[in-house]
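Written out below as structure tokens is the structure these notes cover.
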Amino acid sequence: MSDATNLLLRSNLKQLRLPTIAAEFSKLAREAAEANENYEQYLLRLTELEVAARGANAIAARIRQASFPVVKDFDTFDFSAVPALSKPKVLELARGEWLQQRGNACFIGSPGTGKTHLAIAVGLAACRQGKRVRFYTAATLVTRLEEAQKQYQLDRVLGQLDRLDLLICDELGYLSFSRVGAELLFQVFAERYERKSLLITSNLAFSDWGQVFQGERMTAALLDRLTHRCHIFEMNGESFRFRESMKNKKSRKGETDKS
Ligand code: ADP
Ligand code: MG
């Protein structure tokens with residue numbers, strides 16, 4: 001191919017926003033010639049690459065927009081450490097049907113049992129299915145809502161939250177909120193009911209949620225909506241972090257005993 005043709009082709013591909021084809025067409029053309037492929041086969045290969053790259057980019061963007069604090073997946077989760085937890089049920093969440101059904105999920109249990117880890121893994125799986133996901137701790141979500149209200153931006157922020165297929169609210173119950181904060185959070189949760197999904201992690205049993213959502217009536221109204229069509233996972237047990245550090249300590253002790 002002449003240099004002029006090459007330049008023109010690159011310029012057209014840039015204008016058409018086909019960067020993968022631009023990057024690959026020369027190499028694929030050589031391969032196609034060697035393999036005696038026809039024009040259609042060559043074009044098919046090129047377009048396949050562009051389509052695959054776009055899909056991968058879209059998923060990467062969904063993961064970025066979700067703002068996970070760290071990336072944790074199921075492959076690093078040791079289900080044998082939490083025998084009470086049903087692995088098939090958790091993996092079913094990863095398949096995403098509950099999101100189509102606008103259901104909710106709760107991971108309830110003591111600190112260090114892997115609630116945040118699983119919430120992120122479930123969120124990642126949803127991103128890979130093209131869903132809009134956003135991870136917040138309860139405290140940052142409430143702060144965001146309170147700030148938005150002060151700046152007369154509440155409707156805009158509520159609109160953004162409303163567009164999410166899955167809102168993850170981590171660590172509900174570690175901090176209690178102001179009356180206004182609790183009401184705003186209640187509003188967000190209540191508005192999602194049967195429309196969009198919510199995943200909550202909490203160290204508090206449902207019976208103690210009154211501490212967070214001050215007032216029995218608000219708590220009862222919230223739990224009524226939340227727990228309807230909800231996949232509830234209880235994760236009580238020993239802290240994984242604690243167990244790991246004890247294991248490390250023991251093995252270090254073993255080493256010093258030997259020396
Ligand atoms: P929680 O949110 O319940 O307090 P985390 O999910 O933050 O607990 O877990 C604490 C740490 O221990 C994290 O680094 C997490 O990846 C790890 N962890 C917890 N449970 C497991 C597990 N069953 N398998 C592997 N890592 C785990
Ligand atoms: Mg946590």
Side-chain angles (χ1 to χ4, degrees), residues 58-69 93 96-108 115-116 118-120 122-204 206 208-232:
I59 289 171
R62 286 277 186 264
I63 294 174
R64 268 198 313 280
Q65 288 153 3
S67 304
F68 297 115
L93 279 190
E97 243 168 69
W98 67 294
L99 298 172
Q100 314 296 0
Q101 295 159 354
R102 284 97 172 99
N104 298 320
C106 286
F107 291 103
I108 311 279
K115 301 183 298 295
T116 301
L118 286 182
I120 294 171
V122 169
L124 265 179
C127 289
R128 291 187 185 121
Q129 287 153 17
K131 302 287 184 210
R132 290 193 173 79
V133 179
R134 183 74 160 80
F135 181 104
Y136 282 102
T137 63
T140 49
L141 180 56
V142 167
T143 308
R144 178 149 172 72
L145 294 167
E146 285 174 333
E147 292 291 312
Q149 193 177 45
K150 273 187 215 145
Q151 293 160 7
Y152 305 102
Q153 300 273 315
L154 188 60
D155 283 346
R156 194 177 60 84
V157 172
L158 290 176
Q160 285 168 356
L161 294 172
D162 206 52
R163 281 192 287 279
L164 300 171
D165 299 301
L166 172 62
L167 172 65
I168 300 177
C169 180
D170 193 31
E171 296 187 353
L172 189 79
Y174 279 112
L175 299 169
S176 56
F177 312 114
S178 67
R179 177 88 207 172
V180 172
E183 279 169 6
L184 287 169
L185 195 61
F186 175 83
Q187 190 183 342
V188 169
F189 288 1
E191 276 179 11
R192 298 186 76 76
Y193 177 61
E194 292 201 318
R195 297 178 44 249
K196 301 289 176 85
S197 294
L198 186 59
L199 190 165
I200 295 179
T201 84
S202 179
N203 58 321
L204 294 179
F206 289 131
D208 295 327
W209 279 29
Q211 298 165 25
V212 181
F213 293 96
Q214 305 143 12
E216 293 297 314
R217 279 186 37 212
M218 190 152 69
T219 312
L222 177 79
L223 284 176
D224 188 46
R225 289 172 175 82
L226 180 72
T227 56
H228 178 214
R229 289 231 193 101
C230 190
H231 302 266
I232 299 167

So how far is it from [X] [atom1] to [Y] [atom2], rounded to the nearest 0.5 Å?
X: C230; Y: R225; atom1: SG; atom2: CZ; answer: 14.5 Å
X: L164; Y: R132; atom1: CG; atom2: CZ; answer: 8.5 Å
X: R64; Y: I59; atom1: CZ; atom2: CD1; answer: 12.0 Å
X: Q129; Y: Q100; atom1: CD; atom2: CD; answer: 7.5 Å
X: L184; Y: E146; atom1: CG; atom2: CD; answer: 6.5 Å

Can a donor-acceptor pair be found, under 3.5 Å and without considering hydrogens, that links the side chain of K196 to the backbone of D162?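 At least one qualifying donor-acceptor pair exists.
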
task = For side chain to side chain contact (heavy atoms under 4.5 Å, CB included), just list the numbers for L199 and F107, CA-CA rounded to whole Å, side-chain angles, deciding distance to a tenth of an Å, and then say yes or no.
result = CA-CA 8 Å; L199 190 165; F107 291 103; 3.8 Å; yes

Using the rule given for side chain to side chain contact (heavy atoms under 4.5 Å, CB included), can you reason through V180 versus L145, listing the C-alpha separation, both sets of side-chain angles and the distance that settles it, and then say yes or no? CA-CA 10 Å; V180 172; L145 294 167; over 6 Å; no

query: Considering residues, nucleotides and ligands other than R217, do more than 12 of their heavy atoms fall under 6.0 Å from its CZ?
result: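 Not buried by this count: 12 neighbours or fewer within 6.0 Å.
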
Discussion item. With a 6.0 Å cut-off (strictly less than), is the heavy-atom count around CD of E216, excluding the residue itself, greater than 12?
Written reply: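 For E216, atom CD is not crowded (no more than 12 foreign heavy atoms under 6.0 Å).
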
Any side-chain heavy-atom pair of [X] and [Y] under 4.5 Å:
X: L204; Y: L172; value: no
X: I168; Y: I120; value: no
X: L141; Y: L167; value: yes

message: Using the ring-ring contact (aromatic ring centres under 6.0 Å, His included) criterion, which residues pair with F213? Sequence neighbours excluded.
response: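 By the ring-ring contact (aromatic ring centres under 6.0 Å, His included) rule, F213 matches no residue at all.
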
Problem - Residue pairs passing the ring-ring contact (aromatic ring centres under 6.0 Å, His included) test where at least one lies in residues 160-196, sequence neighbours excluded - result: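 As it turns out, the ring-ring contact (aromatic ring centres under 6.0 Å, His included) pairs with a partner in residues 160-196, which skip direct neighbours, are Y193-H228.
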
Could you tell me whether E147 and K150 make a salt bridge, using a distance below 4.0 angstrom between a side-chain N and a carboxylate O?
->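 Salt bridge: yes.
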
Ionic contact status for E183 with R179, cut-off 4.0 Å
yes

request  = Report the C-alpha separation of K131 and L166 in whole Å, then their side-chain angles, then the decisive distance to 0.1 Å, and conclude whether the side chain to side chain contact (heavy atoms under 4.5 Å, CB included) test is met.
outcome  = CA-CA 7 Å; K131 302 287 184 210; L166 172 62; 5.8 Å; no

- Task: Kindly indicate, with the supporting measurements, whether the criterion side chain to side chain contact (heavy atoms under 4.5 Å, CB included) is fulfilled by L99 and D165.
- Result: CA-CA 7 Å; L99 298 172; D165 299 301; 5.7 Å; no

